[in-house]
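Here is the structure we will look at.
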Amino acid sequence: MTIIKAIRGTRDILPTEVGYWQQVEKTARQIFSQACYQEIRTPIFEQTTLFERGIGTNTDVVGKEMYTFLDKGDRSLTLRPEGTAGVVRALIEHNLYSSGGVQRLWYTGPMFRYERPQAGRQRQFHQIGLELIGTSDPRGDVEAIAIATDLLRNLGLVNLHLAINSVGTGEDRLLYRQALIDYLTPYQQELDPDSQVRLLNNPLRILDSKDPKTQEIAQNAPKIIDYLSQPSREHFERVQQLLTDLGISYQLNHCLVRGLDYYTHTAFEIQSQDLGAQATVCGGGRYDGLVKELGGPETPAVGWAIGLERLIILLQQKSAVSIVQPDFYLVSRGHEAEAKALILAQKLRYLGLTVELDLSGSTFAKQFKRASRQGAIACLVLGDTEAETDTIQLKWLKTQTQETLTIAELLAKIPDLNKQLAANK
RNA sequence: GCGAGCGUAGCCAAGUGGUUAAGGCAGUGGAUUGUGGUUCCACCAUUCGUGGGUUCGAGUCCCAUCGUUCGCCCCA
């Protein structure tokens with residue numbers, strides 16, 4: 001019998017690791033709700049055209065990384081490669097934009113891209129993201145960035161760098177694109193092969209090539225901020241000023257270009273040195289054209305997503321997370337006693353205690369051994385003698401002290417026990 | 001999609017063509033049939049990711065395949 005394994009690029013999150021995920025979700029929920037962001041949950045698959053139109057057909061994500069398939073009704077569906085397109089689709093479909101003002105939304109869940117797996121990059125990966133839709137105010141850009149940095153800081157991550165750039169409006173980019181082509185064309189032969197191809201179809205991407213020679217050439221390339229229109233430049237300057245006012249440090253990176261077509265104006269990434277090649281923990285920016293592109297009214301917006309696998313790699317480097325340990329471990333042996341132990345376990349749980357019931361039926365010695373391995377604070381022992389007299393033995397594992405109580409006495413002194421449990425931790 | 005390294009038990013591993021596949025952690029049983037964390041004893045891979053091949057002989061060499069890691073690419 002061959003065993004079935006999880007498919008390439010997917011991972012099981014085991015009980016030993018799930019605590020990190022819960023910690024991130026808990027922290028995120030708190031930060032989001034304090035900033036009045038509402039959770040939204042959208043389907044994991046959508047019509048393929050949503051992503052083609054939203055992300056752009058000439059991006060790598062849409063061009064070669066999507067899980068696209070026909071369903072039994074011959075509809076072309078795609079497992080979502082990112083979260084923003086689905087959120088914007090839902091916003092338009094349910095007219096959320098018409099309820100006035102801005103929409104503050106967040107989401108989390110699995111995303112799918114067909115890529116070569118490596119550290120911090122799975123085919124099914126998870127993001128937590130935020131969208132602020134309905135304002136073009138630079139304060140919106142900064143609110144979004146500030147929430148991201150707050151979340152990461154509250155999780156205890158400090159060695160992170162925020163890089164920002166502005167990619168302007170579509171018109172700004174057209175102007176810049178030509179200037180860049182004019183600059184790069186004389187160097188065409190010296191560029192790496194990928195960049196030579198991009199010179200024709202996506203010259204902006206040449207800027208963040210890792211090829212040393214290309215980087216050298218890109219160093220002196222014209223900068224996009226010099227090609228921004230007056231309003232675009234003012235917007236970006238305001239964003240920088242507000243970041244400074246908030247005490248959020250950042251670096252301007254003229255080569256920061258995002259890979260999805262919908263980005264406009266502010267683009268940013270938060271990176272870590274401790275992740276290897278996949279250094280970006282959080283990426284995002286403004287996307288003023290997307291709502292309209294997907295059939296809604298002209299609506300400005302800004303958002304970001306955090307890659308949870310990468311975030312959790314950083315958390316694991318930093319500290320261990322503990323698994324749930326029982327307050328009481330219920331040791332029982334004998335037909336009658338085992339039945340009573342089950343009932344007692346339930347009663348104690350109703351009173352708010354964490355109780356693990358030993359189901360092995362093995363010797364007391366073995367059950368005690370398991371109790372200490374599970375990290376239990378105390379054992380409650382029910383054997384034939386106790387079953388007959390309606391009593392239990394309460395044993396504190398740390399101090400090895402033991403007392404006999406009736407079950408009624410035990411239940412009556414729960415408040416007391418809570419204090420003792422804390423003292424014996 | 002391209003390039004490189006790796007794949008021995010649940011985990012960490014030794015093993016460099018001669019065969020009974022070290023060791024440690026974890027686990028199971030017992031010493032101790034009503035009391036754990038220490039100690040002691042025993043057990044725990046007919047087989048080295050999988051499939052072929054070379055060889056008298058393969059965990060070890062070759063090929064393929066799958067997985068994994070790193071880089072490119074891409075992105076979070």
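Any value given below was found using the heavy atoms of this structure, including those in side chains, with hydrogens, waters and symmetry copies removed. In what follows, chains are A, B, ... by sequence order, proteins preceding strands, each numbered from 1.
- If you take atom C1' in B:rC72 and the same atom in B:rC11, they sit 32 Å apart, rounded to whole Å.
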Enumerate the protein-to-nucleotides 2-5 of chain B contacts in which both atoms are nitrogen or oxygen and the separation is below 3.5 Å.
residue, atom, partner, partner atom, Å
B:rC2, N4, A:R116, NH1, 2.7

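- Contact annotation for A:V331: no contact, since no heavy-atom pair falls under 4.0 Å across all strands.
- Evaluation of the ring pair (Phe, Tyr, Trp, His ring centres under 6.0 Å) rule for A:Y262 yields A:Y287 as partners, not counting sequence neighbours.
- Counting non-hydrogen atoms under 4.0 angstrom, A:E65 reaches the backbone sugars and phosphates but no base.
- One P atom belongs to B:rC2, the other to B:rU8, and the distance between them is 25 Å to the nearest Å.
- Although no hydrogens or angles enter the test, the distance criterion places no donor-acceptor pair under 3.5 Å between the side chain of A:N165 and the main chain of A:F268.
- B:rC73 makes up no base pair with any nucleotide shown, lacking Watson-Crick or G-U wobble contacts both under 3.5 Å.
- Considering only side-chain atoms of A:S209, the nucleotide from B:rC73, B:rC72, B:rC75 that sits closest is B:rC73.
- In the interface, the side chain of A:Q374 is not paired with the base of B:rG36 through any donor and acceptor atom under 3.5 Å apart.
- Applying the salt bridge (Lys or Arg N to Asp or Glu O under 4.0 Å) test to residues at least two apart or on different chains, the pairs with a partner in residues 361-378 of chain A are A:D358-A:R370.
- When the C1' atom is compared between B:rG24 and B:rC66, the two are found 30 Å apart, to the nearest whole Å.
- Using atom P as the reference point in both B:rG49 and B:rC12, the two lie 14 Å apart (nearest Å).
- Remark: the separation of the P atoms in B:rU19 and B:rA4 is 35 Å, to the nearest Å.
- A:Q393 and A:E386 are linked by a side-chain donor-acceptor pair at a separation below 3.5 angstrom, with hydrogens and angles left out of the test.
- Inter-residue side-chain proximity for A:L243 and A:I164 is flagged as met; some heavy-atom pair is nearer than 4.5 Å.
- Of all nucleotides listed (B:rC75, B:rG36, B:rU68), B:rG36 comes nearest to the side chain of A:L397.
- Look at NE2 on A:H126: it is 16 Å from C1' on B:rC75, rounded to the nearest Å.
- B:rA42 sits 36 Å from B:rC6 when the C1' atoms are compared, rounded to a whole Å.
- As the counterpart of B:rU33, no nucleotide is assigned, since no Watson-Crick or G-U wobble pattern has both distances under 3.5 Å.
- In this structure, A:T59 reaches neither bases nor backbone, as no heavy-atom distance under 4.0 Å exists between it and the strands shown.
- Pair assignment for B:rG57 gives none, since no Watson-Crick or G-U wobble pairing has each distance under 3.5 Å.
- Counting any heavy atom pair closer than 4.0 Å across all strands shown, A:Q393 reaches a base atom.
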Between side-chain atoms of residues 4-15 of chain A and protein atoms elsewhere (two or more places apart, or another chain), which donor-acceptor pairs fall under 3.5 Å?
residue, atom, partner, partner atom, Å
A:T10, OG1, A:I7, N, 3.4
A:T10, OG1, A:I7, O, 2.7
A:R11, NH2, A:E17, OE2, 3.3

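- A donor-acceptor contact under 3.5 Å is formed by the side chain of A:K395 with the base of B:rG36.
- Nucleic acid contact class of A:E386 (heavy atoms, under 4.0 Å, all strands): base.
- Residue pairs meeting the salt bridge (Lys or Arg N to Asp or Glu O under 4.0 Å) criterion with at least one partner in residues 26-48 of chain A, sequence neighbours excluded, are A:R29-A:E39, A:E39-A:R41, A:E46-A:R89.
- If you check B:rC25 for Watson-Crick or wobble pairing at under 3.5 angstrom, you find it paired to B:rG10.
- If you check every strand for non-hydrogen atoms under 4.0 Å, A:D384 touches a base.
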Tabulate below the donor-acceptor pairs under 3.5 Å that side-chain atoms of residues 139-151 of chain A make, not counting sequence neighbours, or state none.
residue, atom, partner, partner atom, Å
A:R139, NE, A:D137, OD1, 3.3
A:R139, NE, A:D137, OD2, 3.1
A:R139, NH2, A:D137, OD2, 2.8
A:D141, OD1, A:R286, NE, 3.0
A:D141, OD1, A:R286, NH2, 2.6
A:D141, OD2, A:H235, NE2, 2.9
A:D141, OD2, A:T266, OG1, 2.6
A:D141, OD2, A:R286, NE, 3.1
A:E143, OE1, A:R104, NH2, 3.1
A:E143, OE2, A:Y37, OH, 2.6
A:E143, OE2, A:R104, NE, 2.7
A:E143, OE2, A:R104, NH2, 3.2
A:T149, OG1, A:I145, O, 3.4
A:T149, OG1, A:A146, O, 2.9
A:D150, OD1, A:R153, NH2, 2.6

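- The aromatic rings of A:Y67 and A:F112 stand perpendicular to each other, their planes meeting at an angle above 60°, with 30° marking the opposite boundary.
- Nucleotides of RNA chain B nearest to A:R205 and A:F368 differ in position, and the one nearer the 5' end is that of A:F368.
- Nearest nucleotide to the A:V381 side chain, out of B:rG34, B:rG1, B:rC75: B:rG34.
- Place A:W396 and A:Q118 on RNA chain B by their nearest nucleotides, and A:W396 ends up nearer the 5' end.
- The ring pair (Phe, Tyr, Trp, His ring centres under 6.0 Å) search around A:F125 returns none, not counting sequence neighbours.
- B:rG51 sits 26 Å from B:rA13 when the C1' atoms are compared, rounded to a whole Å.
- Each of B:rG36, B:rC73, B:rA76 was ranked by its minimum atom distance to the side chain of A:K64; first place goes to B:rC73.
- In this structure, B:rU19 makes no Watson-Crick or G-U wobble pair, since no nucleotide meets both defining distances under 3.5 angstrom.
- For A:E25, there are no salt bridge (Lys or Arg N to Asp or Glu O under 4.0 Å) partners at least two apart in sequence or on another chain.
- Listed by residue number, the members of residues 25-52 of chain A with any heavy atom below 4.0 angstrom from RNA chain B form an empty set.
- No side-chain N or O of A:T169 forms a donor-acceptor pair with one of A:T264 less than 3.5 Å apart.
- If you check every strand for non-hydrogen atoms under 4.0 Å, A:Q367 touches nothing.
- Residues A:D192 and A:S209 have side chains that bring a donor and an acceptor to within less than 3.5 angstrom of each other.
- Among the atoms of the strands shown, none is found under 4.0 Å from any heavy atom of A:G129.
- Rounded to whole Å, the C1' atom of B:rC56 lies 16 Å from the corresponding atom of B:rC61.
- With B:rG37, B:rC75, B:rG34 as the candidates, the nucleotide lying closest to the side chain of A:S372 is B:rG37.
- For residues 106-126 of chain A, the set of pairs meeting the side-chain hydrogen bond (donor to acceptor under 3.5 Å, both in side chains) definition, not counting sequence neighbours, comprises A:H126-A:E309.
- Closest contact between the side chain of A:Q402 and the listed nucleotides B:rU35, B:rU68, B:rG1 involves B:rU35.
- Counting only residues at least two apart or in different chains, salt bridge (Lys or Arg N to Asp or Glu O under 4.0 Å) contacts with residues 319-345 of chain A comprise A:K340-A:D390.
- Note on A:A305: only backbone sugar-phosphate atoms sit closer than 4.0 angstrom, heavy atoms only; bases stay farther off.
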For nucleotides 27-29 of chain B, give me every protein contact, N/O to N/O, under 3.5 Å, one pair per line with atom names.
residue, atom, partner, partner atom, Å
B:rG27, OP1, A:R373, NE, 3.3
B:rG27, OP1, A:R373, NH1, 3.1

